[in-house]
Peer 1: 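Before I ask anything, here is the structure I am working with.
All chains are named by letter (A, B, ...) in the order of the sequence lines, taking the proteins before the strands, and each is independently numbered beginning at 1.
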2 protein chains.
Amino acid sequence: MNSSASTKERILTAAEALFAQRGFEGASLRQLTAAAGVNLAAVNYHFGSKDHLVEQVFKRRLDQLNARRLAALKHFAGLQETTLEDVLSAFIRPALDLSHDGGGGLFMRVLARAFAEHDDDLRKFLSDNYGHVMRQFTAEFARLLPGLSKEELYWRIDLVTGALTHAMSGFGIIQRKNDVSEITHREQTAEHLIRFAAAGLRAP
Amino acid sequence: MNSSASTKERILTAAEALFAQRGFEGASLRQLTAAAGVNLAAVNYHFGSKDHLVEQVFKRRLDQLNARRLAALKHFAGLQETTLEDVLSAFIRPALDLSHDGGGGLFMRVLARAFAEHDDDLRKFLSDNYGHVMRQFTAEFARLLPGLSKEELYWRIDLVTGALTHAMSGFGIIQRKNDVSEITHREQTAEHLIRFAAAGLRAP
DNA sequence: GAATGGTTCAAACGATCGTTTGAGGATACG
DNA sequence: CGTATCCTCAAACGATCGTTTGAACCATTC
């Protein structure tokens, strides 16, 4: 049908990689279209502008991430026997999975960049596509941590998010060693994150 | 003496603010020099290039931050009665102070950007100016958390750093309210961070 | 007061940016 | 076959980028 679907997808994939490497301003459309093997004008034809392309790069991955997080949370929401670790797992593992399939761990780096860019339009876009998921998780955390005030809870979720973003985007000193498979490394990352975050959330 | 000291300082201050707002690539030398009230050519005259200017922006603040952190740590290093919270305080409070004086909470945002940019040269520069401080703190954490393996300790320090950077750069949802003074807010931030990080580091 | 060395200035340089244009190719339908 | 629709392409547009240039300024020194 739409013979341009391939072109659009190629642009999106190349854009995700280049934005992660060079940033939104640092990656030019000429580098981007050359990497994708398409004509320079194709970006403006299919996406209207570079800014709209940036939004679509986010949308493609965030739709995945949100759906998976909510699906994972659904199994635990409101249940008596749910633990803090269960909810953290539903929050963390889809993000780690996302950075694994989809062609590489690039998107979380793009996301971390977006946080750092402090672009108001982009933040609003992220809030619109992200807000309801965060609210659901916050409600579940509140249920499992009844001793925390609302302010204290917001603070701690914020700090968990910081630790998550940091770890997932590969900022840190921790790198996968060659004798550890990527799946194993991902599992270890998830376990470290969940253990750390759960303890931080439960802090007296 | 050096009548250009004023010009250099004005450039550095304006650069710090603009880099925080627009990023290293997004802030042009024309915006920068206009904000500083100096001639366009002054940047290349005093700093050689834009890249060198970026490095100097970091150096000016990191030298402060490193000195204050080490001075704060010195009071606790190796002492029997030192607590985890003491060391975390020595790590966290100088950073919060830095973002307070020096004309605004802009530098930590610049630092968070630098992490996100993944620029190898800049990361090497940061590592060279930062590494020995991190090693001293790591040694102290290891002393106070003898139950942790080296790998586990590295992981947790990495996660603490992520939470710290996130909170200090003002990413999160937490904003200072108008009825709270900045000093009070800074103190609350430090307490939340220390409580959360200490619990995360002590996780079973 | 002429000369010196450090600093500032307006102007221009070539390169690269995002975007637009208009012609041409490809495919489907009458 | 003719036409309409979607897409691709090379080329160019104006704007802005970091950097360089050479003249002017200004304090200090002989």
Peer 1: Are any of Thr7(B)'s side-chain N or O atoms less than 4.0 Å away from OP1 or OP2 of dT8(C)?
Peer 2: yes

Peer 1: Kindly give the atom pairs (protein nitrogen or oxygen, nucleotide nitrogen or oxygen) under 3.5 Å for nucleotides 17-21 of chain D.
Peer 2:
unit_1	atom_1	unit_2	atom_2	d
dC17(D)	OP1	Ser28(B)	OG	3.3
dG18(D)	OP1	Lys50(B)	NZ	2.4
dG18(D)	OP2	Leu29(B)	N	2.8
dG18(D)	N7	Arg30(B)	NH1	2.8
dG18(D)	N7	Arg30(B)	NH2	3.4
dG18(D)	O6	Arg30(B)	NH2	2.6
dT19(D)	OP2	Asn44(B)	OD1	3.4
dT19(D)	OP2	Lys50(B)	N	2.9

Peer 1: Using atom NE2 of His46(B) as one end and atom P of dG5(C) as the other, report the distance to the nearest whole Å.
Peer 2: 18 Å

Peer 1: With sequence neighbours excluded, what pairs up with Arg195(A) under the salt bridge (charged side-chain N to carboxylate O under 4.0 Å, His left out) test?
Peer 2: Glu152(B)

Peer 1: Given side chain to side chain donor-acceptor pair (under 3.5 Å), test Tyr130(A) with Arg135(A) step by step and report yes or no.
Peer 2: CA-CA 9 Å; Tyr130(A) 229 22; Arg135(A) 276 188 290 276; over 6 Å; no

Peer 1: Would you please name every residue forming a side-chain hydrogen bond (donor to acceptor under 3.5 Å, both in side chains) with Lys74(A), sequence neighbours left out?
Peer 2: none

Peer 1: Between dT16(D) atom P and Leu32(B) atom CG, what is the distance in whole Å?
Peer 2: 17 Å

Peer 1: Quick one: salt bridge (charged side-chain N to carboxylate O under 4.0 Å, His left out) partners of Arg30(A), sequence neighbours excluded?
Peer 2: none

Peer 1: For Asp63(A), give me all partners under salt bridge (charged side-chain N to carboxylate O under 4.0 Å, His left out), at least two apart in sequence or on another chain.
Peer 2: Lys59(A)

Peer 1: Only counting residues at least two apart or in another chain, list the ones meeting side-chain hydrogen bond (donor to acceptor under 3.5 Å, both in side chains) with Glu191(A).
Peer 2: none

Peer 1: Show me the dot-bracket string of DNA chain D, counting Watson-Crick or G-U pairs under 3.5 Å, with | for pairs to another strand and [ ] for crossing ones.
Peer 2: ||||||.|||||||||||||||||||||||

Peer 1: Sequence neighbours left out, what passes side-chain hydrogen bond (donor to acceptor under 3.5 Å, both in side chains) with His52(A)? Give chain and number order.
Peer 2: Ser49(A)

Peer 1: Excluding sequence neighbours, so at least two apart, what forms side chain to side chain contact (heavy atoms under 4.5 Å, CB included) with Thr82(B)?
Peer 2: Phe76(B), Leu79(B), Asp86(B), Val87(B), Arg143(B), Leu144(B)

